[in-house]
Amino acid sequence: MAITNYIPAHLTSVEWLDHIFSSKTAMSGGVVRRKSRDVERIVGRDLFREELRRRGYRAIENGPYFVIFCNRLPMRMFE
């Protein structure tokens with residue numbers, strides 16, 4: 001049986017964002033990822049971008065995912 005990211009109808013966009021950023025990984029300054037289609041469907045890119053700025057976090061979109069860096073550390077791109 002496949003596990004899906006089910007979002008209950010009563011969960012608001014703000015609650016969804018709070019859920020992401022209150023995870024153990026995010027709270028410890030780690031990296032989390034979410035499908036871009038979920039971000040667009042549940043909160044929209046503008047609100048997502050606004051929340052990242054408010055928290056001082058950054059994200060990269062790669063393929064179908066947003067990779068969210070839940071810290072303010074410098075980033076360097078390796079290619």
Side-chain angles (χ1 to χ4, degrees):
M1 178 193 309
I3 297 174
T4 60
N5 290 336
Y6 171 72
I7 307 299
H10 66 277
L11 189 63
T12 68
S13 57
V14 172
E15 291 169 333
W16 189 80
L17 286 169
D18 286 343
H19 179 73
I20 292 170
F21 295 121
S22 64
S23 71
K24 187 187 290 187
T25 301
M27 296 290 286
S28 66
V31 177
V32 296
R33 71 181 176 141
R34 291 295 181 270
K35 288 197 173 196
S36 9
R37 71 169 186 218
D38 290 342
V39 171
E40 291 169 0
R41 179 175 53 89
I42 298 167
V43 299
R45 287 178 179 259
D46 292 338
L47 180 58
F48 180 64
R49 186 178 292 119
E50 187 178 310
E51 186 64 16
L52 289 172
R53 283 188 190 133
R54 188 179 77 75
R55 293 174 180 269
Y57 297 166
R58 291 182 267 180
I60 294 175
E61 188 172 12
N62 180 254
Y65 294 100
F66 277 111
V67 180
I68 307 161
F69 300 88
C70 300
N71 60 62
R72 297 176 183 199
L73 298 172
M75 294 174 56
R76 287 180 273 163
M77 184 75 152
F78 285 91
E79 296 190 56

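Keep in mind that the numbers below use all heavy atoms, side chains included, and drop hydrogens, waters and symmetry copies.
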Quiz item: Taking only residues two or more places apart in sequence or in another chain, which ones pass side chain to side chain donor-acceptor pair (under 3.5 Å) with Glu40?
Solution: Arg45

Quiz item: What are the two closest non-hydrogen atoms of Ser23 and Val32, and how far apart are they?
Solution: OG-CG1, 4.1 Å

Quiz item: Once you round to the nearest 0.5 Å, how far does CZ of Arg34 lie from NE2 of His19?
Solution: 6.5 Å

Quiz item: Are Tyr65 and Val43 co-members of a hydrophobic cluster defined by side-chain heavy atoms under 4.5 Å apart?
Solution: no

Quiz prompt | Contact check, side chains of Thr25 and Cys70, non-hydrogen atoms, under 4.5 Å | solution = no

Exercise. Would you indicate whether Met27, at its atom CE, is surrounded by more than 12 heavy atoms from other residues, nucleotides or ligands within a distance under 6.0 Å?
Key: no

Quiz item: Residues in ring pair (Phe, Tyr, Trp, His ring centres under 6.0 Å) with Phe48, at least two apart?
Solution: Phe66

Quiz item: Applying the 4.5 Å side-chain criterion to the ILVMFWY set and letting contacts propagate, would Leu52 and Phe69 be lumped into a single cluster?
Solution: no

Exercise. Run the salt-bridge test on Glu51 and Arg55 with the 4.0 Å N-O cut-off and return the result as yes or no.
Key: yes

Quiz item: Just how far is it from atom OG1 of Thr12 to atom CD1 of Ile42, taken to the nearest 0.5 Å?
Solution: 10.5 Å

Quiz item: Are Val31 and Met75 joined in one hydrophobic group, where the rule is that I, L, V, M, F, W and Y side chains link up if heavy atoms are under 4.5 Å apart?
Solution: yes

Quiz prompt | Leu11 CG to Leu17 CG distance, which is reported to the nearest 0.5 Å | solution = 9.5 Å

Quiz item: How many angstroms lie between atom CG of Leu73 and atom CZ of Arg58, to the nearest 0.5 angstrom?
Solution: 8.5 Å

